[in-house]
Protein chains: 2
Amino acid sequence: MATTGTDLSRMREMNQLSIVWALRGNPPSTVTELAGRAGLSRPAVDVLVQSLVTDGWAEVEEPGANSVVGRPARRFRFRADAGHVLGIDIGVHKILVVLSDLEGNLVRTLRRPADPEADPRARLAAVDRVIDEVLRGAGMTPDDIWAITAGVTGPVDASGRTSLFTPLPGWNAADPVAHLGARFSCPIQVENDCKLAAVAERWKGVASDADDIVFLLAGLRTGAGLILDGTLRRGHGGAAGEIGALKAVRWLTAPGHLESCPGVPASAAPGEAAAWVFQAARDGDRDARTAVRRYTRDLAVGVAALVLALDPQVVVYGGGFSRSSDVVLEPLRQELTKHCLRLPELRASTLGDESVALGGVRLSLDEVDSRLLSDGLAAPSAPRR
Amino acid sequence: MATTGTDLSRMREMNQLSIVWALRGNPPSTVTELAGRAGLSRPAVDVLVQSLVTDGWAEVEEPGANSVVGRPARRFRFRADAGHVLGIDIGVHKILVVLSDLEGNLVRTLRRPADPEADPRARLAAVDRVIDEVLRGAGMTPDDIWAITAGVTGPVDASGRTSLFTPLPGWNAADPVAHLGARFSCPIQVENDCKLAAVAERWKGVASDADDIVFLLAGLRTGAGLILDGTLRRGHGGAAGEIGALKAVRWLTAPGHLESCPGVPASAAPGEAAAWVFQAARDGDRDARTAVRRYTRDLAVGVAALVLALDPQVVVYGGGFSRSSDVVLEPLRQELTKHCLRLPELRASTLGDESVALGGVRLSLDEVDSRLLSDGLAAPSAPRR
DNA sequence: TGAATTAGTAAACTGCTCAGCAATATCCAG
DNA sequence: CTGGATATTGCTGAGCAGTTTACTAATTCA
């Protein structure tokens, strides 16, 4: 453990950061409240918050109507709009861009359909267009963006490349980090979609109380994202959670049970077929229930492997199929009890298909925070790579 | 992130700790060397190390023969013998106790056979006897011990109980923490044996360079321990790594291929049978090679599941069978390439059957360190629970 | 209007780090 | 054998950050 020594200036930096963290995500706060939250004395907080105001990180709110006894206090507010970050979902069928301020408040969300057959150039050009539209709508330029995280399907390595496999046509030759880097000088990450969705689920979703989470992205493709000890697990090569690649785990073929269910309208697209089967199962259709049961049986093997390997607190069922969790969760639970030693809680995602972009926002905010931690906080400005 | 503010006294504490860490594990060091290592100024280090000496954490070494030019510097040495910790392996067939000083130097190691059929009371009494012998041999009393970590088979929950299952007869009714706590007032942990062995492998073993490790404890039983991001993963209920419980993973039956190999002497005990087969395979015996291949094929499914789930940098093959890694590793590698996306490095453990107790020592030392971090360092003494 | 309560501010104090200088001890070249 | 070079120790004063204490300011309630 190579702990490095601390001096006064570093101490001040850290105390100032602890004020920022006490300020952020809370309603406008008095000096006394901040002192309590940050564990510092009132005078110390006073000078720290003063300098935050002059630097532009915080704003004063002069005392107004105050119903409590005593001298009314000024309140300080974190200037969440001092910077912004982007979370992007580069999907097969859609592109979703979310713009957020530094507090994680979503400023703007824009979804555009994407051509499933588009080659990487065309897809990245489409991403650019959606980003442009979002920025224009918010009256911003690329320089106002402090960090970007984009999600794609398939395992992503440290450089943001998708070398092993991906359902995005031609994508393993694409370099989205370089592409975005041409217009944005802020830090840019590309990450696997399941991993981002898992992050979102812990941030604003159904697993915010848990530190050990297995997240399932269930749809026509099935994937998993892992959060252990509260932090996203990428794996040494970025391929953590890819248990679906194991032949004994029939995640590739599992959704097929839904499509091949007797009674599905011949005209239905694959995604619609699954929705039809779930609805039919909900209505009590015998064939549909069998199909769902087969689907969950195949799904459960992989989930059980993850559960046994990691012993998580919560398994979150997310992705496109999570809308039908009411007919999936119970059979899945029954299957899992057959396999597992200790059954974790099973929860259905509520974030819908924004989870990937949301997770991207969260990772971008984390990136901003880690910059603050390492570089300290000068006047707010977009970090450069 | 609830970072709490820092004041001067806490800062001194941290700087003093950083001196301790700069001192420990290094040869006796001069003030200048320490200043460099800890990132502090020379005068600062001087007063800090002075107070460490008066507290008893460090010793001065007056300058003696000095071959370098200039005024000879005093050297300071960490008093590794200020305290000691125990690592214990409570196995089915043996009990192994390791006594270590604060620097991780092994002071005393004692192995005693255990009755496989012994009930928990008898087994814990045997543990007591081995501990007593070790302490007596080192001239110590229970009060000289600062932390104890014991390893047992089967998943261990946070309280040190083995409630799910275990091959130790009657053990799920045992409470080893309470038993040891009657004589020792220091912190006591009980942990799963595979997890401890994994920790040892990263500490003094073959995976000291890796942060993401899957450790296999391969013997008549097969188990796994996970280290991710450099820290041991226990799982929410302490059952991480128990992938062997999955029916599709045939870890329970895998060693059977070895015992049922044609040609094994009828008189051989199960453990000896495996050794015989490995030797025969080494000598080119056809049946033995087939048996080993079957064994690795069954083993590989579970390993592949862990590898795909976690994408580790290294897989370590340890446990009793690791002595025969020369005939196992290559077939295992071949099987894994069939299953995995990205093959991690495959290494054979070199720690032998001391790994569990060694891992216990490491965890005990970690416990001591975390006490120092939270409570600061007064004069050295055994921490109380 | 005065008591009670809370906020803001100034001054004194503590404790730590750092820069720099003088003192000291050894080695080595001449 | 001696003086210079080198490297370490010990010391002092300056600077800085945070705490404590005390005092003043602003507001509500009785």
Side-chain angles (χ1 to χ4, degrees), chain A residues 3-20 22-23 27-55 58-77 376-377, chain B residues 3-20 22 27-55 58 60-77 376-377:
Chain A
T3 308
T4 177
T6 313
D7 60 0
L8 281 300
S9 58
R10 180 71 189 143
M11 178 170 118
R12 185 188 168 83
E13 234 168 37
M14 306 232 338
N15 283 347
Q16 201 151 18
L17 274 174
S18 84
I19 296 291
V20 166
L23 221 41
S29 314
T30 69
V31 172
T32 316
E33 286 165 358
L34 292 174
R37 253 180 249 144
L40 296 170
S41 71
R42 218 151 38 86
V45 171
D46 198 76
V47 299
L48 288 171
V49 85
Q50 238 27 282
S51 84
L52 285 177
V53 169
T54 59
D55 279 354
E59 280 175 334
V60 198
E61 190 177 82
E62 289 306 330
N66 200 324
S67 64
V68 78
V69 84
R71 173 173 173 170
R74 287 176 305 182
R75 292 184 169 271
F76 293 88
R77 182 209 322 272
L377 15 70
Chain B
T3 308
T4 177
T6 313
D7 61 359
L8 283 300
S9 57
R10 179 74 190 141
M11 180 169 118
R12 183 190 167 84
E13 232 167 41
M14 305 223 349
N15 284 345
Q16 201 151 17
L17 275 174
S18 83
I19 297 291
V20 166
S29 315
T30 69
V31 172
T32 317
E33 287 166 357
L34 291 175
R37 251 180 251 145
L40 296 171
S41 71
R42 216 160 33 82
V45 171
D46 197 75
V47 299
L48 287 171
V49 86
Q50 234 32 277
S51 84
L52 284 178
V53 168
T54 59
D55 279 355
V60 198
E61 190 175 84
E62 289 306 330
N66 200 325
S67 64
V68 78
V69 88
R71 173 172 175 171
R74 288 175 305 182
R75 293 183 168 272
F76 295 88
R77 181 209 323 272
L377 15 71

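- One atom, CD of B:Q50, and another, C1' of C:dC16, lie 16 Å apart when rounded to the nearest Å.
- Atom pair A:M11:CE and C:dT14:P shows a separation of 17 Å (rounding to whole Å applied).
- The phosphate of C:dA7 (OP1 or OP2) has a side-chain N or O of A:T32 nearer than 4.0 angstrom.
- A side-chain donor from one of B:S29 and B:R37 sits under 3.5 Å from a side-chain acceptor of the other.
- B:D46 has its CG atom 17 Å from the P atom of C:dT24, to the nearest Å.
- One can place CZ of A:R74 at 10 Å from C1' of C:dT9, the figure rounded to the nearest angstrom.
- Scanning both residues, B:E33 and B:P28, for their nearest heavy atoms gives OE1-O, 4.2 Å.
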For residues 41-49 of chain B, run the donor-acceptor check on the side chains, cut-off 3.5 Å, and write out each pair with its distance to 0.1 Å, sequence neighbours left out.
residue: B:S41; atom: OG; partner: B:A44; partner atom: N; Å: 3.3

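- Going from atom CZ of A:R75 over to atom P of C:dG8 covers 10 Å, rounded to whole Å.
- Relative to the side chain of A:P72, the nucleotides C:dC18, D:dG18, D:dT27 differ in distance, and D:dT27 lies closest.
- B:V60 pairs by the side-chain contact (heavy atoms from CB on, under 4.5 Å) definition with B:V53, B:E62, B:R74, B:F76, not counting sequence neighbours.
- A:R12 places its CZ atom 14 Å from the C1' atom of D:dG15, with the value rounded to the nearest Å.
- Computed from coordinates, the A:R10 CZ to C:dC18 P distance equals 14 Å when rounded to whole Å.
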Protein-nucleotides 21-23 of chain D N/O pairs under 3.5 Å:
none

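- Not counting sequence neighbours, the partners of A:E61 by the side chain to side chain donor-acceptor pair (under 3.5 Å) test are A:R77.
- Evaluation of the side chain to side chain donor-acceptor pair (under 3.5 Å) rule for A:T32 yields no partner, not counting sequence neighbours.
- Listed by chain and number, the residues in a side chain to side chain donor-acceptor pair (under 3.5 Å) with B:E13 are B:R10 (sequence neighbours excluded).
- Here A:V47 lies out of heavy-atom contact (under 4.0 Å) with every strand.
- We find that CE of B:M14 is positioned 12 Å from P of C:dT17, with the value rounded to whole Å.
- Not one side-chain nitrogen or oxygen of B:N15 sits closer than 4.0 Å to the OP1 or OP2 atom of C:dC16.
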